[in-house]
Peer 1: 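Before I ask anything, here is the structure I am working with.
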Amino acid sequence: MDYTKYDKPEVGRGVAFGVNEAGEPYAREARGCFRLHEEPWLGEYPDNFPTDIFEVRFKNTRRSFYQNVNNLSLQVGDIVAVEASPGHDIGIISLTGDMVARQMKRIGFNPHNGEFKKIYRKARPYDIEKWQEAIALEHETMIRSRQIAADMGLDMKIGDVEYQGDKIKAIFYYIADGRVDFRELIKVFAEQFHIRIEMKQIGARQEAGRIGGIGACGRELCCASWVSSFSSVTTGAARVQDLSLNPLKLAGQCSKLKCCLTYEYDVYADARRSMPRLREPLQAIDGEYFLVKSDILAHTMTFSTSKDSMSNLVTIPVSRVREILSVNRNGGKVESILGEDFEPQVEEPTYRTEEDSITRFDKAKKRKKKKNRHNSDESKTAQDSGQNTQPAQQGGQGGQGGQQGNNRHNRPHRHHHNNNNKPKQE
């Protein structure tokens, strides 16, 4: 079947809908257009044992684990109808085999009352059609629910709405700083939309994962692509990595500290353990040296001869710092902070052109002004000489032209004038 002729992708659920040649609706997995998808890296390994537990994903980041009680032949990408409370829901098989057990262990999943919910069947055309109708209602329902919450004066923000596959229940995801009494809101929603209502509070990071977007690195947000569990991020992670404590640079699109601040935190923390802690300046015969900055990964430390300014900067390795500290603790001073074996670093040519200069635009602007002024002076001189050699043509243009010519000649010039033909002053 030529899917591309009929497909209509649904980005939030990673599925494409269409109508086959017989006129029946169908749905198929559309990889690459949904979030938090998995790659079967271990699918062909011999330790991938089959199991009756499958991971099923729904809209955006919502997923759960279900049991194949009917021994259906299922694989990744199949559209299935699963047990819900109440009714049934429609989802996509996202994980199979022993990877399911590893995933459950990683996220700490525990089935409700010790029993897994069931996979009923593969989705039929009737299920697909009902599912499409439910998805089509989500955006309008979200806009209307926001208006209702605002009219009731509730301090909350409804970020997303997800309908169940059978269209008898909807989950409203909301964000609130404190506790919200939404009992009256649920009654209004039930009367307005004629469905069962489930309110689910999420955090700012989870909302960013559900909505998605592009980060400062130019790639898709981690919370929308592969991060499923969020750990607390503090400014201590930025301090350990010697990052500037600028809120605009450290905050992500969720207005919280970026999750990627913790990715390299352990590497920097381990490297910092080998760096000596200096509480006082290094003592040398030629003066005291104060610590300015440390390059953790390069294992170098930069010192200055002034405590309040960046003057006479010297960068030495950590091993040399330890040698100086041992001498200072014994009451001595080193002759030079650089050491006898120190070799000055020669800067290699960068072969940079003038295009890399930040002030190149200012220089070009000044040159352009000088050039334009010189050209204007030359043109004025040429006009003066031309007017003096052709008095008949200038006079024949009428009084207005003669007046303009006199005004031009009255202007001061930096270059030579023809004093013999100088016009009379009025």
Side-chain angles (χ1 to χ4, degrees), residues 8-15 17 25 27 34-36 56-64 66 79-92 112-113 117-118 120 123 126-213 223-224 228 230 253-256:
K8 182 180 179 182
E10 213 298 309
V11 178
R13 289 175 169 82
V15 69
F17 295 108
F34 63 90
R35 307 181 182 103
L36 289 178
V56 181
R57 66 178 306 276
F58 302 94
K59 185 177 181 180
N60 292 335
T61 58
R62 186 171 73 92
R63 61 185 60 212
S64 188
Y66 294 85
I79 314 297
V80 293
V82 299
E83 180 183 359
S85 179
H88 69 273
D89 204 352
I90 306 296
I92 305 173
H112 182 67
N113 295 329
K117 292 184 178 180
K118 304 176 181 60
Y120 289 147
Y126 173 78
D127 299 325
I128 301 299
E129 185 176 3
K130 196 94 170 180
W131 193 26
Q132 284 182 280
E133 294 174 359
I135 293 174
L137 297 173
E138 290 178 349
H139 183 71
E140 182 181 353
T141 302
M142 181 182 66
I143 300 301
R144 178 60 182 151
S145 62
R146 287 179 177 177
Q147 297 175 350
I148 295 174
D151 295 339
M152 298 181 66
L154 297 178
D155 187 13
M156 59 184 297
K157 174 189 174 183
I158 299 177
D160 194 12
V161 177
E162 180 181 0
Y163 267 80
Q164 197 168 276
D166 54 4
K167 209 170 65 171
I168 65 174
K169 176 184 173 182
I171 304 175
F172 291 78
Y173 297 92
Y174 71 95
I175 301 175
D177 295 333
R179 189 171 181 179
V180 181
D181 185 7
F182 45 75
R183 288 176 291 183
E184 292 296 328
L185 182 66
I186 292 178
K187 294 179 181 179
V188 176
F189 282 175
E191 295 176 358
Q192 183 75 24
F193 305 118
H194 306 288
I195 54 174
R196 291 179 177 268
I197 306 297
E198 179 181 348
M199 304 295 295
K200 189 171 183 179
Q201 185 175 3
I202 59 176
R205 299 179 187 274
Q206 293 172 318
E207 183 195 25
R210 295 190 65 85
I211 296 176
C223 54
S228 58
F230 301 97
Q253 296 191 12
C254 58
S255 300
K256 305 292 183 181

Peer 1: At their closest point, which heavy atom of Lys59 faces which heavy atom of Asp160, and how far apart are they?
Peer 2: NZ-OD1, 3.0 Å
Peer 1: Run the side-chain contact (heavy atoms from CB on, under 4.5 Å) test against Ala134 and tell me which residues pass, sequence neighbours left out.
Peer 2: Tyr163, Lys167
Peer 1: In Å and rounded to the nearest 0.5 Å, what is the NZ to OG distance from Lys117 to Ser85?
Peer 2: 6.0 Å
Peer 1: Grab the two heavy atoms, one from Val161 and one from Ser145, that are nearest each other, plus how far apart they are.
Peer 2: CG2-OG, 4.4 Å
Peer 1: Kindly write out the residues that satisfy side-chain contact (heavy atoms from CB on, under 4.5 Å) with Lys256, not counting sequence neighbours, or none if the list is empty.
Peer 2: Ala204, Arg205, Cys254
Peer 1: Tell me every residue that passes side-chain contact (heavy atoms from CB on, under 4.5 Å) with Ile135, counting only those two or more places apart in sequence or in another chain.
Peer 2: Glu10, Arg13, Phe17, Trp131, Glu138
Peer 1: Test of understanding: with salt bridge (charged side-chain N to carboxylate O under 4.0 Å, His left out), list the residues that count as partners of Asp166, not counting sequence neighbours.
Peer 2: none
Peer 1: If only atom types and distance count, is the side chain of Glu83 paired as donor or acceptor with the main-chain N or O of Lys118 below 3.5 Å?
Peer 2: yes
Peer 1: Nearest 0.5 Å, what's the NZ-CD distance between Lys187 and Glu184?
Peer 2: 4.5 Å
Peer 1: Between atom CD of Gln253 and atom SG of Cys223, what is the distance when rounded to the nearest 0.5 Å?
Peer 2: 8.0 Å
Peer 1: Which pair of heavy atoms, one from Ile175 and one from Gly203, lies closest together, and at what distance?
Peer 2: CD1-O, 4.2 Å
Peer 1: Measure the spacing between CE of Met199 and CD1 of Ile171 and express it to the nearest 0.5 Å.
Peer 2: 11.0 Å
Peer 1: Which atom names give the shortest non-hydrogen contact between Ile168 and Pro86, and what distance separates them?
Peer 2: CD1-O, 3.9 Å
Peer 1: Under the ring pair (Phe, Tyr, Trp, His ring centres under 6.0 Å) rule, collect the residues that match up with Tyr120, sequence neighbours excluded.
Peer 2: none
Peer 1: For Glu207, enumerate each residue passing the side chain to side chain donor-acceptor pair (under 3.5 Å) test, keeping only those at least two apart in sequence or located in another chain.
Peer 2: Lys157
Peer 1: Kindly state each residue pair satisfying salt bridge (charged side-chain N to carboxylate O under 4.0 Å, His left out) with at least one member in residues 171-181, sequence neighbours excluded.
Peer 2: Asp181-Arg183
Peer 1: Give a yes or no on whether the backbone of Val82 and the side-chain of Asp89 come within a donor-acceptor separation of less than 3.5 Å.
Peer 2: no
Peer 1: Just to verify, what does Ala176 make a side-chain contact (heavy atoms from CB on, under 4.5 Å) with, not counting sequence neighbours?
Peer 2: Met156, Tyr174, Val180, Gln201
Peer 1: How many angstroms lie between NZ in Lys169 and CZ in Arg196, if you round to the nearest 0.5 Å?
Peer 2: 8.5 Å
Peer 1: Return all side-chain donor-acceptor pairs below 3.5 angstrom for residues 146-153, not counting sequence neighbours, or 'none' if the list is empty.
Peer 2:
residue: Arg146; atom: NE; partner: Ile158; partner atom: O; Å: 2.7
residue: Arg146; atom: NH2; partner: Ile158; partner atom: O; Å: 3.1
residue: Gln147; atom: OE1; partner: Arg144; partner atom: NH1; Å: 3.3

Peer 1: Going by heavy atoms in the side chains, are Thr141 and Phe172 under 4.5 Å from each other?
Peer 2: yes
Peer 1: Check ring pair (Phe, Tyr, Trp, His ring centres under 6.0 Å) between Phe193 and all other residues, then give those that pass, not counting sequence neighbours.
Peer 2: Phe189
Peer 1: Is the count of non-hydrogen atoms from other residues, nucleotides or ligands lying under 6.0 Å from Gln192 atom CD greater than 12?
Peer 2: yes
Peer 1: Mind checking side chain to side chain donor-acceptor pair (under 3.5 Å) for Glu162 and listing every partner two or more places apart, or none if nothing turns up?
Peer 2: Arg62, Tyr173
Peer 1: If the condition is ring pair (Phe, Tyr, Trp, His ring centres under 6.0 Å), which residues does Phe58 pass it with, not counting sequence neighbours?
Peer 2: none
Peer 1: Testing the basics here: between Pro25 and Glu129, what is the closest heavy-atom pair and its distance to 0.1 Å?
Peer 2: CG-CB, 4.0 Å
Peer 1: Do Asp127 and His88 come close enough that some side-chain heavy atom pair is under 4.5 Å?
Peer 2: yes
